[in-house]
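Below is one structure, written out as structure tokens; comments come after it.
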Amino acid sequence: MDIPELIHAELTKCGVTLAASLPDDWVSPLIRRLAADPKIKHVPVGREAETIAICTGAFLAGVKSVAVMGTTGLHSCIGEMMTINLRHGIPVLVICSLRGTPEDHQVYQEQQGRRTIPMLQAYDMPYVALEKPEDIQRIPEIYTHSRLQKRPYLLFLTRRLLRAGK
Amino acid sequence: MMKRDECLQILARHAPDDIVVSVFSAAFDWVKIRPHALNFTHVGAMGLAASYGLGLALGRPNRKVLVLDGDGSLLMSLNTLVTIGSVAPRNFYHFVCKNGTYEVNGGHPIPGAGIVDFAAHARAAGYRNTYVFDDLAQFENEIGAVLEQEGPIFVTLKLVPGAEAEHDYAKLYAEENRLAFKRALAE
């Protein structure tokens with residue numbers, strides 16, 4: 001199994017039946033994989049903040065969901081996560097590429113990438129970075145933890161992890 | 001133009017037990033007119049009322065979801081129209097309370113006030129049907145049939161403020177209301 005297949009399998013174990021997404025090139029294969037699953041309702045959006053609100057509505061309706069986006073998108077919807085999910089104690093699991101690391105050679109990812117983790121720490125949003133294929137099996141416990149935290153919860157896909165699947 | 005409270009009173013008679021997501025001025029009026037566990041008012045930053053509604057509509061496909069959006073709020077996320085037009089939930093009814101201002105933020109005019117046609121945007125984005133109401137009698141006569149149609153439906157309500165409702169955000173965002181909403185949805 002490749003990395004998107006492994007992640008998809010673990011999300012299925014979690015009971016995820018809705019995925020809202022806006023791609024960057026690193027998370028794109030995972031989005032394709034989720035969109036191809038007839039048991040998952042995939043909602044492509046025009047702006048990352050939509051994924052946060054859609055998953056919030058789904059949570060309230062008792063549906064397990066996941067938002068998928070790139071790092072730049074994460075920075076663009078921090079206000080929504082603060083005023084919706086932090087303010088009202090509503091969990092949302094966000095799967096996000098971790099751009100701007102030394103393995104990322106795209107210059108346009110550098111500025112936001114350097115500030116991603118400090119930003120999450122400032123907002124007190126928990127996160128886990130998946131570095132190796134064997135980390136993927138942690139997704140169910142991370143999903144449960146995200147529900148217990150009642151906050152936005154970031155699950156980062158690192159370049160190292162995504163390269164391991166090549 | 002219709003007075004908002006009078007218009008929402010009519011809507012409440014046609015939506016006694018539906019899920020309703022409402023924002024800002026419309027929310028204050030709505031919860032006074034239709035107090036109900038299935039009112040969701042815990043919105044955050046402006047612009048995403050329709051996205052909450054979409055998540056709820058997908059999660060509860062057998063229940064109608066009404067969104068009472070603001071024109072300033074919708075203007076902030078016109079992209080949500082395209083997402084909803086694309087997903088096309090049959091149980092989704094999107095109302096925009098159009099008063100041309102950022103009412104709770106000081107009454108400043110929104111860009112395009114008097115020009116922008118949100119129903120046209122929604123139609124172009126793929127909503128099944130769109131309507132514009134500015135007359136209370138016509139709204140009373142037609143809203144029942146509008147709500148009988150399959151969604152997504154978009155309705156522009158041309159409004160002016162009516163009787164003032166209390167603007168108490170602590171009540172509007174009270175945790176017990178959110179918990180009651182989730183419990184009611186689980187029934």
Side-chain angles (χ1 to χ4, degrees), chain A residues 15-23 34-35 38-69 73 75-94 123 125 147 150-152, chain B residues 19 21 23 37-63 65 67 69 73 76-89 91-92 125-126 169-170 172-187:
Chain A
V16 168
T17 57
L18 189 152
S21 76
L22 202 155
L34 297 176
K39 292 177 183 161
I40 292 180
K41 177 67 180 175
H42 174 235
V43 182
V45 302
R47 186 172 160 250
E48 287 85 354
E50 290 180 70
T51 69
I52 302 302
I54 291 168
C55 289
T56 297
F59 168 79
L60 293 165
V63 171
K64 291 187 174 176
S65 65
V66 64
V68 187
M69 65 184 68
H75 281 262
S76 78
C77 58
I78 199 75
E80 283 81 1
M81 290 197 288
M82 179 172 55
T83 58
I84 298 167
N85 306 91
L86 283 179
R87 172 67 185 83
H88 298 304
I90 299 173
V92 57
L93 183 69
V94 180
Y123 283 105
M125 292 186 196
R147 294 296 176 114
K150 297 181 179 174
R151 280 182 286 174
Chain B
I19 298 166
V21 178
V23 301
L38 287 177
N39 289 335
F40 184 70
T41 57
H42 290 67
V43 296
M46 287 169 66
L48 291 169
S51 300
Y52 300 113
L54 177 57
L56 289 163
L58 293 173
R60 284 286 175 273
N62 296 322
R63 300 200 69 138
V65 176
V67 174
D69 219 337
S73 292
M76 201 168 278
S77 293
L78 284 173
N79 44 294
T80 62
L81 295 175
V82 179
T83 301
I84 290 158
S86 173
V87 176
N91 55 334
F92 188 89
Y169 282 98
L172 200 67
Y173 292 166
E175 185 180 14
E176 57 263 32
N177 295 346
R178 180 173 56 72
L179 296 175
F181 178 78
K182 198 163 189 297
R183 276 197 305 273
L185 272 182
E187 289 172 358

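Quick note: numbers below take in every heavy atom, side chains included, and nothing from hydrogens, waters or symmetry partners. Labels below follow one simple rule: chain letters A, B, ... track the order of the sequence lines, proteins then strands, and each chain is numbered from 1.
Neither the backbone nor the side chain of B/Val82 comes within contact range of chain A; no heavy atom of the residue lies under 4.5 Å from a heavy atom of that chain. Heavy atoms closer than 4.5 Å to chain B are found in both the backbone and the side chain of A/Leu60. Heavy atoms closer than 4.5 Å to chain B are found in the side chain of A/Ile90, but not in its backbone. For B/Leu185, the part lying near chain A is the side chain, with the backbone staying farther off; criterion is any non-hydrogen pair under 4.5 Å.
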Quiz item: Do A/Glu48 and A/Glu80 pass the side chain to side chain contact (heavy atoms under 4.5 Å, CB included) test, and can you show the C-alpha distance, the side-chain angles, and the key distance before you say yes or no?
Solution: CA-CA 10 Å; A/Glu48 287 85 354; A/Glu80 283 81 1; over 6 Å; no
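Ranked by non-hydrogen atom pairs under 4.5 Å with chain B, the options A/Pro44, A/Ala53, A/Ala49 are led by A/Ala53. No other option in B/Ser77, B/Ser86, B/Ala50, B/Gly59 has as many heavy-atom pairs under 4.5 Å with chain A as B/Gly59. Among B/Arg60, B/Met46, B/His42, the residue with the largest count of heavy-atom pairs under 4.5 Å with chain A is B/His42. Comparing A/Ile54, A/Leu18, A/Thr17 by how many heavy-atom pairs each has under 4.5 Å with chain B, the most go to A/Ile54. Options A/Val43, A/Asn85, A/Thr51 differ in how many heavy-atom pairs under 4.5 Å they form with chain B, and the most are formed by A/Val43.
Taking the side chain as every heavy atom from C-beta outward, A/Met69 and A/Cys77 approach each other to under 4.5 Å. In this structure, the side chains of A/Val63 and B/Leu58 stay at 4.5 Å or more apart for every pair of heavy atoms. Under the 4.5 Å side-chain criterion, counting only non-hydrogen atoms from C-beta, B/Val87 is not in contact with B/Phe92.
Using a cutoff of 4.0 Å between basic side-chain nitrogens and carboxylate oxygens, A/Arg47 and A/Glu50 are not scored as salt-bridged.
Using bins of under 30°, 30° to 60° and over 60° for the plane-to-plane angle, the ring pair B/Tyr173/A/His88 lands in the perpendicular bin.
Across B/Thr80, B/Val23, B/Val43, a single residue satisfies side chain to side chain contact (heavy atoms under 4.5 Å, CB included) together with B/Leu48, and that is B/Thr80.
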